[in-house]
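Below: one structure, written as structure tokens.
Both backbone and side-chain heavy atoms feed into the values below; hydrogens, waters and symmetry mates do not. Just so you know, ligand 1 is whichever comes first in the structure, and atom 1 is the first atom listed for that ligand. By convention here, the first residue in the shown sequence is residue 1. Just so you know, these numbers come straight off a predicted model, no measurement behind them.
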Amino acid sequence: MMNEQFQQALSIIETLKRHGHEAYFVGGAVRDYLLQRPLGDIDIATSAHPQEVMSIFPKTVPVGIAHGTVMVIERGVSYEVTTFRKEGRYEDYRRPKEVTFVSSLYEDLQRRDFTMNAIAMNEHGDIIDPFGGTEALKQRMIETVGDAAERFNEDALRMMRALRFVSQLGFSLSTKTKQAIIQYGHLLQHIAVERIAVEFEKLLLGPFMSKAIDLLIETNLFCYLPELATKKRELAQLATYSIVPTHRTEAWARFAFVVHFHQKELKKWKLPNHFIRDVLICLKALEHIRSLSDWTVDTLYEYGPYIPHIERIRAACKHDEPHVHLLLKRWEALPIRNRKELAINGNDLLTLFERKAGPWLATMIENIERAVLHRKVENEKEKLKEWAVCNQRRENNC
Ligand SMILES: Nc1ccn([C@@H]2O[C@H](COP(=O)(O)OP(=O)(O)OP(=O)(O)O)[C@@H](O)[C@H]2O)c(=O)n1
């Protein structure tokens, strides 16, 4: 009995078949279905060519025509429908490689990366598994389809995919696959950093991250990742952490903290600037908290929205329990959570002191902010005015 997501997608297969084409569910969704894991996107492989797919379905987007992929949208859900194909080897890594359409499902499955990803399912829920993928799932084994050297030469990113599947599923690498990664790891240098970063992020977020990082070290694959060649010891440290990150910012910030990455190194991974900014805030907070040995009123205030990420990283690094709820409660109980919540603003102070704006104003606001935060004065306009005047007098007397 197929699950609901496949039932919904059945109409795509049935429509293609009505038009005289072959069509099957393939890829990660079939693998995850057999593992009884939540399904991601559903992919369909078909004998129909992209133009035919586009003429059959009313709502399509040509997302990768050159690779034979058309996105079909039905009842608000999108499906990737890809013509049976095989990919060529890279003749020259600077140029996109050729993709050839093939006539059978078998040939299509044969060019896929791992046996567990080379399983197809027809409209009746029958499994088509010419390369032993279901057995590999049972054995919890990641095994390339056919010759590992060929599969990794077709697309070196597959070596990173192997390790991210280790991290997500807890599976092992077959000896043949591991040996090939050791032998061909250097090919990763030709792969776009953005693609590597996508897989690496999934690896960092997986429940079996430690196992994957150990393999990254054992196979020497880490040597071909941006800025990591000299970080073996730090990676080994990362592999000792057991808390599974709940968010990508947390995952990258923890990684960056452990391997001592800063802006320069993070940029080499071609992460978006706004994301790097978030990671850097977490890094600053972690250094700050480490120097103080624990959270304080000031750090809670300064890093408020980032508390969950930072606390979980702090706890992971110290092999400690995270106290996210407790800290959020402490944060919520602060007299203010940001400057906007102050009951007085710059204009109020300009009027009060009958002075022109200048650096004194920023210092004054900062002093008031600290005083409110540390409960030296209540956050009420009149009281703050009074406090500001006294504070000014005190400073003048000095
Ligand atoms: N470098 C790659 C990428 C993908 N594939 C094949 O294309 C399918 C779909 O790829 P993708 O959606 O990237 O990954 P999934 O395996 O579906 O995994 P997930 O959805 O968990 O990312 C894979 O299952 C695999 O059969 C491949 O052979 N080689």
Provide, to 0.1 Å, the distance between atom 22 (O) of ligand 1 and the closest protein heavy atom, together with that atom's residue and name. Arg164 NH2, 2.9 Å

Could you tell me whether the side chains of Ser55 and Gln51 share a donor-acceptor contact shorter than 3.5 Å? no

In ligand 1, the atoms that come under 4.0 Å of a heavy atom of Phe165 are 16 (O)

Only heavy atoms of Gly28, strictly under 4.0 Å: list the atoms of ligand 1 that pass. 15 (P), 16 (O), 17 (O), 24 (O)

Could you identify the single nearest non-hydrogen protein atom to atom 9 (C) of ligand 1 and state the distance to 0.1 Å? Asp43 OD2, 3.7 Å

At less than 4.0 angstrom from any non-hydrogen atom of Asp155, what atoms of ligand 1 do you find? 1 (N)

For ligand 1, which is the ligand I care about here, please tell me if Asp113 has any N or O atom under 3.5 Å from one of the ligand's N or O atoms. yes

Test item: side-chain donor near acceptor, Ser104 and Glu107, under 3.5 Å: yes

Under the ring-ring contact (aromatic ring centres under 6.0 Å, His included) rule, what do Phe255 and Phe261 come out as? Steps first, then yes or no, please. CA-CA 8 Å; Phe255 161 69; Phe261 270 13; 5.3 Å; yes

Test Phe57 against Tyr79 for ring-ring contact (aromatic ring centres under 6.0 Å, His included), laying out the working first. CA-CA 12 Å; Phe57 295 96; Tyr79 303 95; 9.3 Å; no

Of the side chain and backbone of Arg112, name the one, both, or neither that has a heavy atom under 4.0 Å from an atom of ligand 1. both

Starting from atom 29 (N) of ligand 1, locate the nearest protein heavy atom and write down its residue, its atom name and how far away it is, to 0.1 Å. Arg158 NE, 2.9 Å

Go through the steps to decide whether Gln263 and Leu280 satisfy the test side-chain contact (heavy atoms from CB on, under 4.5 Å), and finish with yes or no. CA-CA 7 Å; Gln263 187 169 27; Leu280 291 175; 3.9 Å; yes

4.0 Å heavy-atom contact, Leu157 with ligand 1: no

Nearest heavy atom to atom 23 (C) of ligand 1: which of Arg31, Arg195, Arg161 does it belong to? Arg161

Have Asp298 and His374 got a donor and an acceptor in their side chains that come within less than 3.5 Å? yes

Pair Phe171-Phe165, ring-ring contact (aromatic ring centres under 6.0 Å, His included): steps then yes or no: CA-CA 7 Å; Phe171 286 14; Phe165 285 123; 8.8 Å; no

For ligand 1, which atoms have a heavy atom of Gly27 less than 4.0 angstrom away? 24 (O)

Element-labelled atoms of ligand 1 that are located less than 4.0 Å from some non-hydrogen atom of Lys202: 22 (O)

One pair to check against ring-ring contact (aromatic ring centres under 6.0 Å, His included): Tyr303 and Trp295. What are the steps and the verdict? CA-CA 10 Å; Tyr303 305 112; Trp295 289 88; 7.1 Å; no

